[in-house]
Structures are given as C-alpha cells and as structure tokens.
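Here the structure is a predicted model, which is why all the values come from computation and not from measurement.
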Amino acid sequence: MEKNYPFTGTGNLKNFVKGLSKINILNKILVILDNDTAGKSVYNDIKKIDLPNNLKIITLPNYKDFDNFKCKGPQGNSIENINGKAVSIECFLDHSSIDDEIYVRWTGFNNKLIQYQGNIEPKNLLIKSFHQYYKQEYDFTKLKYLIDYILESWISN
C-alpha cells in the first residue's frame, strides 16, 4: 500500500468510510483498524457516523500476550498493557525468531484519549522474519487468533 494508495493514515480512512456510507455501497465491507491510540480514536469517530448494515468497522482484538509488554518512552522502560494503545498487525506475528529486543516505543500523545500512541519495534525485522520462516517453523498461534476474530466479526455482520 506504499505506492499509489490514496488512503494512507487513519484520518483518510475515516473520510473514505464516510464516502462509502454516503453512496450506499452494496458490497459487504469490513474495515479493520489497528488496536492502538490512533485506531481507537478513528473507531470512536466512525461509530458516530450512520453506517449502512453492510459496512462494519472493527479494531484488531485485545490479546492476553499484550497485557504485559516491554515498552520504552518518555517515562523510561516499563512493562505495560498495550491493548488499545499500540497493537498493530505486526504484534500478531511470531516474535520468537527475532534476536533483537521487541518492544513498543511510545510516540505522540493523544489529548482526546489521554494516552500515548505506540509502535512495535523492530517492525521491519518482524515482517522479514515472517517472510523468511512462515513455511518452516513458525508459531501461528496469534495469527490464528486474529483470523478467527476477523472471521467472527465478518460472520456476525
């Protein structure tokens, strides 16, 4: 989605969803936002829009492994619950094949939700590891949980 993709960022996605709801699109659409500060903020904004029944908005799910996650930020190093603050799809990848420390880096502060936005690091190594090892020894536990959650969300729409 890096090249020629017109809807980067959560703000543009919110506008895209508004547009879809106004043109009465007939297709069933499931929009999935990160379970982070930015995603939650846009999710709350979109829930105020009168959406057609065939257009559903969800965030990535909370997951037990994210209740106690290494973090780095303005207050230093900590162990925190990143559900609703820093969960992106890369969090659901297998972290065991990465030698580097995996943590969330707290970045911008959201005044509306009164919490920091976080990003998992090193994201590029998690993605590279998936591409390198998914056909060999790879723990799909979190990805299976994610897919089951998405399918349940789709079915319940």
Quick one, I102 with F69, criterion side-chain contact (heavy atoms from CB on, under 4.5 Å). Give me CA distance, side-chain angles, the key distance, then yes/no.
CA-CA 9 Å; I102 298 180; F69 209 89; 4.1 Å; yes
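- Scored by the ring pair (Phe, Tyr, Trp, His ring centres under 6.0 Å) test, Y138 finds F130, F140 as partners (sequence neighbours excluded).
- Taking CG of L30 as the reference point, atom CG of L151 lies at 9.5 Å (rounded to 0.5 Å).
- Under the rule for a ring pair (Phe, Tyr, Trp, His ring centres under 6.0 Å), the partners of F66 that lie at least two apart in sequence or sit in another chain are Y63, F92.
- Considering only residues two or more places apart in sequence or on other chains, S96 meets the side-chain hydrogen bond (donor to acceptor under 3.5 Å, both in side chains) condition with D94.
- Put simply, the residue from D34, T107, N110, D36 that forms a side-chain hydrogen bond (donor to acceptor under 3.5 Å, both in side chains) with Q117 is D36.
- To the nearest 0.5 Å, the span separating OG on S129 from CD on E90 amounts to 12.5 Å.
- By the rule that hydrophobic residues join a cluster once side-chain heavy atoms approach within less than 4.5 Å of another member, L60 and I82 end up as members of one cluster.
- Residues satisfying the side-chain contact (heavy atoms from CB on, under 4.5 Å) criterion with F109, sequence neighbours excluded, are N111, I114, Y116.
- N68 and N81 share no donor-acceptor pair across their side chains, judged by distance under 3.5 Å alone.
- When each of K112, K85, Q115 is checked for a side-chain hydrogen bond (donor to acceptor under 3.5 Å, both in side chains) with T37, only Q115 meets the rule.
- At least one test fails for K56 against the ring of W154: distance under 6.0 Å to the centre or angle within 45° of the axis.
- Judged by distance alone, the side chains of N27 and N54 never bring a donor and an acceptor atom under 3.5 Å apart.
- Linking Ile, Leu, Val, Met, Phe, Trp and Tyr whenever their side-chain heavy atoms come within less than 4.5 Å puts L143 and Y134 in one cluster.
- Closest approach of C71 to E80, counting heavy atoms only: SG-CB, 3.9 Å.
- Among residues two or more places apart in sequence or in another chain, the side-chain contact (heavy atoms from CB on, under 4.5 Å) test is passed with S21 by I49, L51, P52, L55.
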Hey, mind stepping through N35 and N62 against side-chain contact (heavy atoms from CB on, under 4.5 Å) and telling me if it holds?
CA-CA 7 Å; N35 186 7; N62 289 343; 2.8 Å; yes
Go through it in stages, so that I can follow the logic: the residues are K70 and I79, the test is side-chain contact (heavy atoms from CB on, under 4.5 Å), and I'd like the CA-CA distance, side-chain angles, deciding distance and then a yes or no.
CA-CA 5 Å; K70 290 180 187 175; I79 302 292; 3.8 Å; yes
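- Atom CD of Q136 has more than 12 neighbouring heavy atoms from other residues, nucleotides or ligands inside a 6.0 Å radius.
- Nearest approach of G39 to T59, heavy atoms of both residues: O-CG2, 4.4 Å.
- F16 and I25 fall within a single hydrophobic cluster, where Ile, Leu, Val, Met, Phe, Trp and Tyr side chains are chained together by heavy-atom contacts under 4.5 Å.
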Evaluate the criterion side-chain contact (heavy atoms from CB on, under 4.5 Å) for residue pair V31 and L13; output intermediate values, then yes/no.
CA-CA 9 Å; V31 176; L13 184 58; 3.8 Å; yes
Donor-acceptor pairs under 3.5 Å, side chain of residues 119-128 to any protein atom, not counting sequence neighbours: which ones?
none

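- Smallest separation of non-hydrogen atoms from V104 and G118: CG1-CA, 3.7 Å.
- In the hydrophobic clustering of ILVMFWY residues, with side-chain heavy atoms under 4.5 Å counting as a link, I46 and L113 come out apart.
- Atom CG of D100 has more than 12 heavy atoms from other residues, nucleotides or ligands within 6.0 Å.
- Interatomic distance, CG of D139 versus NZ of K144, reported as 12.5 Å (0.5 Å rounding).
- When all heavy atoms are compared, the tightest approach of P74 to W106 is CD-CB, 4.0 Å.
- No continuous path of hydrophobic side-chain contacts links L33 to I147 [ILVMFWY only; heavy atoms under 4.5 Å].
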